[in-house]
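Order of the sequence lines fixes the chain letters, A, B, ..., with proteins taken first and strands second; residue numbering starts at 1 for each chain.
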Protein chains: 2
Amino acid sequence: MVEKNAGLALQDDETEIGFKPLYAQVKDQLIRRLVDGTWQPGMALPSEQELARQLRVSQGTVRKALDAMTAENLLVRRQGRGTFVAEPEDARILFQFFRLASDHADSGGAFPESRLLGWSRASADEAEAEALSIASGAPVCRVERIRVLLGKPLLAETIILPLGIFPGFDALDEIPNNVYQLYSSRWGITIAKADERLKAIAAGDADARHLGCAPGEPLLLIRRIARDLEGKPVELRISRCLTRDMHYVANLP
Amino acid sequence: MVEKNAGLALQDDETEIGFKPLYAQVKDQLIRRLVDGTWQPGMALPSEQELARQLRVSQGTVRKALDAMTAENLLVRRQGRGTFVAEPEDARILFQFFRLASDHADSGGAFPESRLLGWSRASADEAEAEALSIASGAPVCRVERIRVLLGKPLLAETIILPLGIFPGFDALDEIPNNVYQLYSSRWGITIAKADERLKAIAAGDADARHLGCAPGEPLLLIRRIARDLEGKPVELRISRCLTRDMHYVANLP
DNA sequence: GAGTGGTCTAGACCACAAA
DNA sequence: TTGTGGTCTAGACCACTCC
């Protein structure tokens, strides 16, 4: 009765080690359609029944793949409406990637404003190349800006982007506040997840000037590597944060 | 054919707003048995079939509850063996709750040693009471210790425990390295999750002396609220970390 | 009313572990 | 061989949304 896992138009690795459950293969197929732009942010996917027919698997298997992708914030499911590709709107990006909050009352979910200091083409140094899995010396664009919340300088950040992945970024006329939305609309790149490393450092002269604090004041250093749908690192971001009245929030697990 | 959700020996809140899916009710039941000690760390649960019979639901519904609990690190499932209550062994606690790593080669998964400075009974101050959801002035035990990795002082930490939850803690003769294991074995309390808040601060004189750094050196301040199976805060821990050669790891999401 | 996702069930076969 | 969890299927009913 139950059909043998025969791949069903899915790439079947029946080799000893390369086995994947059907629902994982389905998930890979669906992610492929996100990567190649078949389904763009905001669009509705076909219904579960329809996907099941197309992929020749049961609805339950499709559901398991969709549920996993929903848990990873790639999709949004709405009962009675359908399943949609997640969009990089401010509210979601803020919630998912911005972990700084006020010590006192919740900062109301305001997206911090940006004061651009400049951006320019450069060559990746050793550390940047390592973090982004590109060749040392490869062309990148470095963006420097100050993030401001409620009129107060909050952090200084440097964004390093490989120009091989974001061609023409260095020639932009301006850079919006929500860059992840720009990555999506202009280059079709979705930031799916990120790893962060945190340290405490002393403020240098430049950061002190920009943030309005004394040189030597303790700052929270955040080094973020952001990854696309396939897990490839596409952005390196280094932030120096004033945490006198703010804190970084982490949940375990 | 399908039986109406009638609670099935589960507490049924069919009131307008209080509805819960069956699998969530099953999960609540299972967690209750963890809380009341029916199933202790390391023990095997009954099989899915058996649980399904006992609770008068289908195996699939039981599975959904077990999968959710496994995702929360409350259970461990082993194919062909069974489902077991997760234990607070060093390796897991290290992986789940210790987010500091060396900047260079992985620190090999070594559990940091502890150098105890002392512990004593005290009264909760405003901030501690607020964090632990207890009355201001309620009895607590404060533990001070230095964590050491590979012979080098890594961080100074203060653990604040409500004596209402851990009676007799202040009268202990000694305190082991892995306190979460002690909470479990001595008081039957499982640390299920924790929230952390991070800041950068300047080292005070005492911390500088203990950590072997200069006063004013930037330290990473971590304030952890650890919660039991029911989400109630049971431990407050404040760590001041030297992050010259270390960093804190966070994953988004 | 038609279509969607959300829940629940029942039963099959598979991979794995232990006796 | 027996029993376990892991996967997959098929079909039912429900709650919700939109026409």
For A/Arg223, the salt bridge (charged side-chain N to carboxylate O under 4.0 Å, His left out) test, sequence neighbours excluded, returns none

Between A/Gln54 and A/Glu50, is there a side-chain donor-acceptor contact under 3.5 Å, judged purely by atom types and distance?
yes

Any B/Thr61 side-chain N or O less than 4.0 Å from OP1/OP2 of C/dT9
yes

For A/Arg56 and D/dT9, what is the distance between atoms CZ and P respectively, to the nearest whole Å?
11 Å

Tell me the interatomic distance from B/Arg77, atom CZ, to D/dG3, atom P, rounded to whole angstroms.
19 Å

Can you tell me if the side-chain N/O atoms of B/Thr83 get under 4.0 Å from OP1 or OP2 in D/dG5?
yes

note: B/Leu51, atom CG; C/dT9, atom C1'; distance rounded to Å ~ 17 Å

Check ion pair A/Lys232-A/Glu230 (N to O, under 4.0 angstrom):
no

Name each donor-acceptor pair under 3.5 Å that joins a side chain in residues 63-70 of chain B to protein atoms two or more places apart or in another chain, with its distance.
| residue | atom | partner | partner atom | Å |
| --- | --- | --- | --- | --- |
| B/Arg63 | NH2 | B/Glu48 | OE1 | 2.9 |
| B/Arg63 | NH2 | B/Glu48 | OE2 | 3.4 |
| B/Asp67 | OD1 | B/Arg77 | NH1 | 2.6 |
| B/Thr70 | OG1 | B/Leu66 | O | 2.8 |

Applying salt bridge (charged side-chain N to carboxylate O under 4.0 Å, His left out) to B/Glu87 and not counting sequence neighbours gives none

Who are the side-chain contact (heavy atoms from CB on, under 4.5 Å) partners of A/Gln49, not counting sequence neighbours?
A/Ser47, A/Arg53, A/Gln59

Against the side chain of B/Ser58, the closest entry in D/dT7, D/dT4, C/dT9 is C/dT9

In this structure, how many angstroms lie between the P atom of C/dG3 and the CG atom of A/Leu45, rounded?
19 Å

Under 3.5 Å, N/O pairs linking protein and nucleotides 16-19 of chain D:
| residue | atom | partner | partner atom | Å |
| --- | --- | --- | --- | --- |
| D/dC16 | O4' | A/Gln79 | OE1 | 3.3 |
| D/dC18 | OP1 | A/Arg81 | NE | 3.3 |

Those residues that, when tested against B/Arg147, pass salt bridge (charged side-chain N to carboxylate O under 4.0 Å, His left out) (two or more places apart)
B/Glu157

In whole Å, I'd like the distance from the CD atom of A/Gln59 to the P atom of D/dA12.
12 Å

Does the side chain of B/Tyr23 get closer than 4.0 angstrom to OP1 or OP2 of C/dC8 through an N or O atom?
no

If you check every side-chain atom of A/Arg63, which of C/dT9, C/dT7, D/dG5 has the closest atom?
C/dT7

Students often get this wrong, so: under 4.0 angstrom with heavy atoms, is A/Arg78 touching a base, only sugar-phosphate, or nothing?
sugar-phosphate

Rounded to whole Å, the CZ-P distance (B/Phe19 to D/dA15) equals 8 Å

Nucleic acid contacts - residues 64-74 of chain B versus DNA chain D, non-hydrogen atoms under 4.0 Å
none

Test of understanding: with ring pair (Phe, Tyr, Trp, His ring centres under 6.0 Å), list the residues that count as partners of B/Phe97, not counting sequence neighbours.
B/Tyr180

Spacing of A/Glu48 atom CD relative to D/dG11 atom C1', expressed in whole Å
14 Å

In chain order, what residues pass the side-chain hydrogen bond (donor to acceptor under 3.5 Å, both in side chains) check against A/Arg92, with sequence neighbours excluded?
A/Gln96

In whole angstrom, what separates B/Arg53's CZ from C/dT9's P?
15 Å

